[in-house]
Amino acid sequence: MSGPRIFAPDLLAGKVALVTGGGTGIGFGIASCLSAAGATVAIASRKPEHLAAAADLLRSEGGTVTTVETNVREPETVGRMVEHVAAEHGRIDLLVNNAAGNFYAPSATLSPNAWRAVVETDLYGTFYCSQAVHPVMKAQGGGRIVSISMTLHYRGWPLMAHATAAKAGVDALTRTLALEWAGDGITVNAIAPGPIPTEGVKKAFTPPGEAPDVPAMDGYVARAIPVGRWGRPEDVGHLVTFLASPAGDWITGSIFVVDGGSWLAGDRR
Ligand code: NAP
């Protein structure tokens, strides 16, 4: 994990966290922060190579890590993922719905398959995973769910109809599940990150066949991110850690923007 250690290394000792898409990008940053705070972490996604490399890194820093291959679009494999983690570790205290995928595409010609792929991953996947952990969390007396949303649907974002519609659904789901499951001791919140240059975001600044356009990336920061730097995966990971800790006991149904002020600034790329 890069950057200073913010939280005590035993803050989440004894807690078990399941992070979907935890092998790459923001998900890996979240898994790193949780692990650094003492949680046992299960990371889940489709590609074993993503999971193996991330698990090696976390273990090299002293973390206790499990990997689970899953596809969040498929409720049956999601069910098996949750069974596997609960059987191995005896409980699941935190689910982070981070897995997602998107790409720029004009709405006028977006194919039904492309639409379905993004909405099923970002929205249906969030619901399937949340529904699957519910009985485990209820039986153990409570738990936390944090879903990773975005800010682009606050104003609308051309070429991202699928992802903005899906993430607006994630926000709605967050508020509704928070109310339905509060009585089961389960808090449900979401975090809406601003621009964090993971591989997908870098691609938007990379002309075909070339390296990322660094001046364009620097120009974007100067124009669009008031605090003057790109986000880092651990900017999100630290807030997830806070929400997973006792400090998060009375927080539910909230959607936290973590974006260096960029959605308020309102720039278009
Ligand atoms: P990323 O590196 O592409 O991460 C996406 C992760 O999801 C990958 O680990 C991928 O692993 C996994 N995944 C994709 N489809 C899956 C499926 N069907 N089943 C299981 N796992 C799946 O992207 P990121 O930028 O870190 O994004 C992480 C989250 O932050 C997403 O929810 C995204 O919408 C949100 N976000 C990102 C930004 C940003 O600027 N980066 C801004 C706002 C919101 P496999 O390929 O191994 O399945």
Side-chain angles (χ1 to χ4, degrees), residues 18-33 41-55 57 67-82 95-104 113-114 116-129 132 146-154 157 160 162-171 173-174 190-205 217 220-221 224-225 229-237 239-240 255-260 262-263 267 269:
L18 168 57
V19 183
T20 66
T24 67
I26 295 173
F28 179 68
I30 293 168
S32 301
C33 289
V41 178
I43 53 176
S45 75
R46 295 163 304 176
K47 297 183 185 151
E49 64 273 21
H50 285 160
L51 299 173
L57 208 51
T67 62
V68 196
E69 279 176 54
T70 201
N71 185 338
V72 298
R73 292 172 66 182
E74 298 169 352
E76 301 77 19
T77 68
V78 165
R80 285 198 290 276
M81 165 188 75
V82 167
L95 164 70
V96 183
N97 288 308
N98 166 82
N102 62 54
F103 43 84
Y104 284 98
N113 274 349
R116 200 177 301 121
V118 173
V119 176
E120 283 186 2
T121 306
D122 295 17
L123 176 58
Y124 290 24
T126 295
F127 181 68
Y128 295 149
C129 294
V146 179
S147 299
I148 306 305
S149 186
M150 59 168 49
T151 59
L152 303 188
H153 54 290
Y154 295 173
W157 198 268
M160 288 285 254
H162 42 18
T164 51
K167 295 290 191 174
V170 168
D171 291 358
L173 192 59
T174 297
I191 297 175
I196 298 179
T198 54
E199 290 312 310
V201 171
K202 277 191 214 150
K203 225 183 279 167
F205 288 93
M217 291 184 74
Y220 180 76
V221 170
I225 310 181
R229 69 163 172 84
W230 288 102
R232 301 178 187 124
E234 61 269 25
D235 290 321
V236 179
L239 180 52
V240 173
I255 296 160
F256 297 90
V257 173
V258 177
D259 76 341
S262 57
W263 100 261
D267 187 81
R269 213 167 273 160

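These numbers come from the heavy atoms of this one structure, side chains and all, not from hydrogens, waters or symmetry mates. Counting from 1, the numbers follow the sequence of the chain as shown. Whatever order the structure lists ligands and atoms in, that order sets their numbers, starting from 1.
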Report task. Heavy-atom contacts with Ala100 under 4.0 Å: which atoms of ligand 1 show up? List them by number with element. Result -> 5 (C), 7 (O), 14 (C), 31 (C), 32 (O), 34 (O)
Query raised in the report: Thinking salt bridges, do Arg73 and Asp122 make one under a 4.0 Å N-O criterion?
Result: no
Query raised in the report: Could a heavy atom of Thr20 be found less than 4.0 Å from some atom of ligand 1?
Result: no
Query raised in the report: Heavy atom under 4.0 Å from ligand 1: found in Thr121's side chain, backbone, both, or neither?
Result: side chain
Report summary line: The closest protein heavy-atom partner of atom 24 (P) of ligand 1 is Thr198 OG1, 3.7 Å
Query raised in the report: For Lys167, is the nearest heavy atom under 4.0 Å from an atom of ligand 1?
Result: yes
Query raised in the report: Does Pro195 come within less than 4.0 angstrom of ligand 1, counting non-hydrogen atoms of the residue?
Result: yes
Report task. State if Ser149 counts as touching ligand 1 under the rule of any non-hydrogen atom under 4.0 Å. Result -> yes
Query raised in the report: Any N or O of Asn102 that comes nearer than 3.5 Å to an N or O of ligand 1?
Result: no
Report task. Could you tell me whether atom 40 (O) of ligand 1 has at least one protein heavy atom nearer than 4.0 Å? Result -> yes
Query raised in the report: Where do Ser262 and Asp259 land on the side-chain hydrogen bond (donor to acceptor under 3.5 Å, both in side chains) test, with the steps shown first?
Result: CA-CA 6 Å; Ser262 57; Asp259 76 341; 3.2 Å; yes
Query raised in the report: Rounded to the nearest 0.5 Å, what separation is found between the OG1 atom of Thr164 and the CG atom of Leu152?
Result: 7.5 Å
Query - Asn98 side chain to Val19 backbone, donor-acceptor under 3.5 Å - result: no
Query raised in the report: Between the main-chain N or O of Thr198 and the side-chain N or O of Lys203, is there a donor-acceptor pair closer than 3.5 Å?
Result: no
Query raised in the report: atom 9 (O) of ligand 1: which of Thr24, Val170, Val68 has the nearest heavy atom?
Result: Thr24
Query raised in the report: side-chain hydrogen bond (donor to acceptor under 3.5 Å, both in side chains) between Asn97 and Thr126: does it pass, once the steps are laid out?
Result: CA-CA 6 Å; Asn97 288 308; Thr126 295; 4.8 Å; no
Report task. Going by heavy-atom distance to atom 7 (O) of ligand 1, choose the closest among Gly125, Ser147, Ala117, Ala99. Result -> Ala99
Query raised in the report: Can you tell which part of Ile26 has a heavy atom less than 4.0 Å from ligand 1: side chain, backbone, both or neither?
Result: both
**Report entry** Side chain, backbone, both or neither: the part of Pro193 lying under 4.0 Å from ligand 1 by heavy atom
**Finding:** both
Query - Closest to atom 42 (C) of ligand 1 among Gly194, Ala54, Gly231, Ser262 (heavy-atom distance) - result: Gly194
Query - Per-atom contacts, ligand 1 versus Gly25 - under 4.0 Å to a heavy atom - result: 2 (O), 26 (O)
Requested in this report: Heavy-atom distances under 4.0 Å are what count here, so tell me which part of His50 touches ligand 1: side chain, backbone, both or neither.
Outcome: side chain
Report task. For ligand 1, note which part of Pro197 has a heavy atom under 4.0 Å away: side chain, backbone, both or neither. Result -> neither
